[in-house]
Amino acid sequence: MSTLLYELGQKLQKGKAPRESRRRILDAVTAYIKSGNAGMDDALYEVAYATCREKEDWRNLATCLEAIGREWPRDHARRIYRQIGDDIGS
C-alpha cells in the first residue's frame, strides 16, 4: 500500500491533474489521516502535500488537518500556514 501511495504522490507532483481531481484525492487521503492509521502517516501526508499547487490548496489542506483535532495534524497545519505566510497567531 505504501508503494502505491508513493507512486500516487510522485504522479501528482509531476502531473497536471485538475484541481477537482486533486481535491477528491485530498478528501480521500484526509479521511485516512483522520483515522490515525499508524505506519501509513508519512505516505498519506506526502500524497496530501502533492495535491497542493496554490495557496488556496495549501490553506484548504491546513484547514482539513486542523479539523482533525489531534496534535500531529495541527502541527502540520501550523507549518503550512507559516509556509504560505498566513498569520496563525503564534
Starting at [atom1] of [X], measure out to [atom2] of [Y] and round the result to the nearest 0.5 Å.
X: Asn60; Y: Asp27; atom1: CG; atom2: CG; value: 7.5 Å
X: Leu12; Y: Leu8; atom1: CG; atom2: CG; value: 4.5 Å
X: Lys16; Y: Arg53; atom1: NZ; atom2: CZ; value: 8.0 Å
X: Ile84; Y: Cys52; atom1: CD1; atom2: SG; value: 9.0 Å
X: Arg78; Y: Glu66; atom1: CZ; atom2: CD; value: 8.5 Å
X: Ser35; Y: Asp41; atom1: OG; atom2: CG; value: 8.0 Å

Notebook entry, point to check: Take atom CG in Asp42; do more than 12 heavy atoms of anything else shown fall under 6.0 Å from it?
Noted result: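 Atom CG in Asp42 is not packed in, count stays at 12 or less.
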
Margin query: Under 4.0 Å between a side-chain nitrogen and a carboxylate oxygen: does that hold for Arg23 and Glu56?
Written below: yes

Checklist line | Electrostatic pair Arg24-Glu20, nearest N-O below 4.0 angstrom | finding: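 Here Arg24 pairs with Glu20 in a salt bridge, since their nearest N and O are under 4.0 Å apart.
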
Answer yes or no: is there a side-chain heavy-atom contact under 4.5 Å between [X] and [Y]?
X: Tyr32; Y: Met40; answer: no
X: Thr51; Y: Val29; answer: no
X: Leu5; Y: Glu46; answer: no
X: Leu65; Y: Ile68; answer: yes

Margin query: Would the distance check show the side chain of Arg70 and the main-chain N or O of Lys34 forming a donor-acceptor pair, the cut-off being under 3.5 Å?
Written below: yes

Next item on the list: Spell out, as yes or no, whether a donor-acceptor pair under 3.5 Å connects the side chain of Arg74 to the backbone of Gly69.
Entry: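 Looks like yes, one N/O pair under 3.5 Å.
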
Notebook entry, point to check: Which pair of non-hydrogen atoms, one from Ala77 and one from Ala62, has the smallest distance, and what is that distance?
Noted result: CB-O, 3.5 Å

Checklist line | For Gly9 against Ala50, the heavy-atom pair lying closest together | finding: O-CB, 3.6 Å

Item checked: Leu26 vs Arg22, side-chain contact (heavy atoms from CB on, under 4.5 Å): CA-CA, chis, key distance, verdict -> CA-CA 6 Å; Leu26 178 59; Arg22 290 184 284 116; over 6 Å; no

Notebook entry, point to check: Do the side chains of Tyr6 and Ile25 join up, straight or via other hydrophobic residues, at under 4.5 Å, putting them in one cluster?
Noted result: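 No, no single cluster joins them.
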
Checklist line | Pair Trp58-Tyr81, ring-ring contact (aromatic ring centres under 6.0 Å, His included): steps then yes or no | finding: CA-CA 8 Å; Trp58 287 106; Tyr81 287 134; over 10 Å; no

